[in-house]
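A quick note: this is a predicted structure, and the numbers were derived from the prediction, not measured. Below, all heavy atoms of this structure are taken into account, side chains as well, without hydrogens, waters or symmetry copies.
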Amino acid sequence: MRKGAKRKASEKEEAIKSTEEEDTTTAKKDSSKSTEEKTTKTESSKAGGRRKKVKPSKPESEPEFFPDRRNLEDLWKQVFPVGTEWDQLDQVYQYNWNFSNLENAFEEGGELYGQKVYLFGCTEPQLVFFKDEGKITCIPVVVAVVSPFPPSDKIGINSVQREAEEIVPMKQMKMDWVPYIPLEDRDSRVERLKSQIFILSCSQRRAGLRHLKLERVKKFEYCLPYFYQPLQEDELEQSTIVQIIFPTEEKPIFCEFDWELDELEEFTDKLIEGEELSADQKDAFKDFVREKVQEGKKANREARQARKKALEEMSEETKAAFQNMKFYKFYPVPTPDSPDVSNVKVIFGIFIRLLIWLLDLGLIHAMISPH
């Protein structure tokens, strides 16, 4: 055979061999693919048998909308209700009282706008009706004092049971004027704020009362802010009345004696006639009254001397501040969530001494829930 014919025959055999190898490889791939598909289907079938039930998704709840808090919304709550009994404090906050009239007073055009103001609180127990039910309620009241300086650093402690009023520094009763921080400024550094609102605060904690003597606890309940007006006290007659608490074996005798209007002998005889005082105690009672009268006269004399000295040392700026000092009294405004107190407001409460001169000078104003 020729060499050319042998070469062609050899190339033809190699081509056939190569084609057979390719066919064999393709067949293996197809077989492997088919096996993988079967395996996948089998696994899928098994997985389908174990498929977990899909829990129905909960319907999305509608978003809740809360009203924006007013900047001075909690101002009335921050002011300590001085003179309120400790066990009555919870009653003060049982209703959602609204003092938006107080808040509005600090807005532009309000009575307190742009002024330096000192606030203290008190309560007035009154019979009020709410949802057709009447009951005695401690109505919160806020008093605002417009003044360039703290109107007082003293607290008066007085009650029917006490022989005389006691005047003590505020700090002795753990009270002081502190700056009020509005809600929008509470993330700021306090020392950088120039507060124009100061509130009477008490640092005594209710939890600590059990460690105090009963007399000390009661003092807090008899507290009243003590305000002194040296410029106008000459226009007022000093009191000539003394409180008498005369101890006896059965029960003490409580009465008032006016040393200008009452005649001691006649006054004592009436007590004996009314069987409040025994005849054998007559002389002891008269001596007791004379002693109290002397104490009262001495107190009046010392007060006149102190006022005279204060006036001599007082600057013109301070005199002007006393003359321009004003008081505003705020009651809660009517809302569906609280009783309507419009008909039970007390223009003159026990919250401040010398209300007569405040009225005469036009320095006190009752805020009757303006709309």
Side-chain angles (χ1 to χ4, degrees), residues 74-95 97 99 118-126 135-145 150-181 190 197-228 242-256 288 292 295-296 299 302-303 329 332 346 349-354:
D74 68 342
L75 175 57
W76 77 272
K77 291 183 179 180
Q78 299 294 321
V79 179
F80 181 67
V82 62
T84 305
E85 295 182 12
W86 291 101
D87 58 1
Q88 299 294 315
L89 283 178
D90 291 336
Q91 292 188 25
V92 178
Y93 307 105
Q94 65 178 316
Y95 297 111
W97 300 105
F99 277 85
Y118 293 82
L119 302 172
F120 69 89
C122 58
T123 54
E124 295 178 3
Q126 297 283 350
K135 66 177 181 178
I136 300 296
T137 302
C138 288
I139 302 171
V141 178
V142 177
V143 179
V145 186
S152 175
D153 62 351
K154 301 287 193 301
I155 285 289
I157 304 174
N158 201 359
S159 72
V160 177
Q161 293 80 12
R162 297 176 67 86
E163 292 186 12
E165 183 179 36
E166 183 181 0
I167 309 300
V168 300
M170 280 185 176
K171 292 186 177 180
Q172 184 174 319
M173 301 306 297
K174 294 189 175 183
M175 298 182 194
D176 201 0
W177 301 105
V178 299
Y180 169 77
I181 310 301
V190 177
I197 305 175
F198 294 82
I199 59 176
L200 183 62
S201 177
C202 180
S203 60
Q204 175 63 53
R205 295 292 174 259
R206 294 173 67 181
L209 294 176
R210 62 179 179 270
H211 303 299
L212 303 179
K213 293 182 179 180
L214 181 59
E215 182 182 358
R216 171 68 173 171
V217 174
K218 287 297 180 182
K219 277 189 175 183
F220 284 96
E221 299 173 359
Y222 300 147
C223 284
L224 295 173
Y226 181 91
F227 296 94
Y228 177 61
V242 290
Q243 303 290 330
I244 304 298
I245 305 178
F246 182 69
T248 64
E249 293 181 0
E250 294 183 2
K251 63 177 182 178
I253 296 175
F254 296 92
C255 58
E256 289 184 348
F288 185 84
K292 293 301 176 185
E295 290 177 0
E302 291 177 349
K329 188 178 183 183
V346 179
I350 61 172
F351 64 88
I352 190 172
R353 299 185 69 221
L354 304 179

How long is the gap from CD on E124 to OG1 on T84, to the nearest 0.5 Å?
10.0 Å
What's the spacing between I181 CD1 and L75 CG if we round to 0.5 Å?
11.5 Å
Please report the closest heavy-atom contact between V79 and G121, naming both atoms and the distance.
CG1-N, 3.1 Å
Say whether, by atom type as modelled, one donor and one acceptor occur between the side chain of W97 and the main chain of V92 under 3.5 angstrom.
yes
Heavy-atom nearest pair, L209 first then V217, reads O-CG2, 3.9 Å
Do the side chains of K218 and E215 get close enough for a salt bridge, i.e. N-O under 4.0 angstrom?
no
Got a second to check how far Q88's CD is from Y93's OH, nearest 0.5 Å?
12.5 Å
Determine, stepwise, if the pair M170 / L200 fulfils side-chain contact (heavy atoms from CB on, under 4.5 Å).
CA-CA 10 Å; M170 280 185 176; L200 183 62; 3.9 Å; yes
Can you list everything that forms a side-chain hydrogen bond (donor to acceptor under 3.5 Å, both in side chains) with E256? Sequence neighbours excluded, please.
Q243
Closest approach of K154 and S152, non-hydrogen atoms and distance?
N-OG, 3.0 Å
What residues, two or more places apart in sequence or in another chain, satisfy side-chain hydrogen bond (donor to acceptor under 3.5 Å, both in side chains) together with K77?
none
Once you measure the plane-to-plane angle for Y118 and F198, does it fall in the parallel (<30°), tilted (30-60°) or perpendicular (>60°) bin?
parallel
Is the backbone of Q91 close enough, under 3.5 Å, to the side chain of Q94 for a donor and an acceptor to pair up by distance?
yes
Could you tell me whether the side chain of T137 and the main chain of K135 form a donor-acceptor pair under 3.5 Å?
yes
At what distance, to the nearest 0.5 angstrom, does CZ of F120 lie from CG of L224?
8.5 Å
Between Y180 and D74, does the side-chain contact (heavy atoms from CB on, under 4.5 Å) criterion hold? Intermediate values first, please.
CA-CA 10 Å; Y180 169 77; D74 68 342; 2.7 Å; yes
For M173 and K219, which heavy atoms make the closest approach, and how far apart are they?
CE-CB, 3.7 Å
Between W86 and Q204, is the side-chain contact (heavy atoms from CB on, under 4.5 Å) condition met? List the steps.
CA-CA 11 Å; W86 291 101; Q204 175 63 53; 4.0 Å; yes
Taking atom CD1 of I245 and atom CZ of F288, what is their separation to the nearest 0.5 Å?
7.5 Å
Criterion side-chain contact (heavy atoms from CB on, under 4.5 Å) on I244 and K292, from CA distance to verdict
CA-CA 7 Å; I244 304 298; K292 293 301 176 185; 3.8 Å; yes
Can you tell me how far CE of M175 sits from SG of C202, rounded to the nearest 0.5 angstrom?
4.5 Å
For F99 and W76, the nearest pair of non-hydrogen atoms, with its separation, is CD1-CG, 3.4 Å
For the residue pair C223 and I155, what are the closest heavy atoms and their distance?
SG-CG2, 3.5 Å
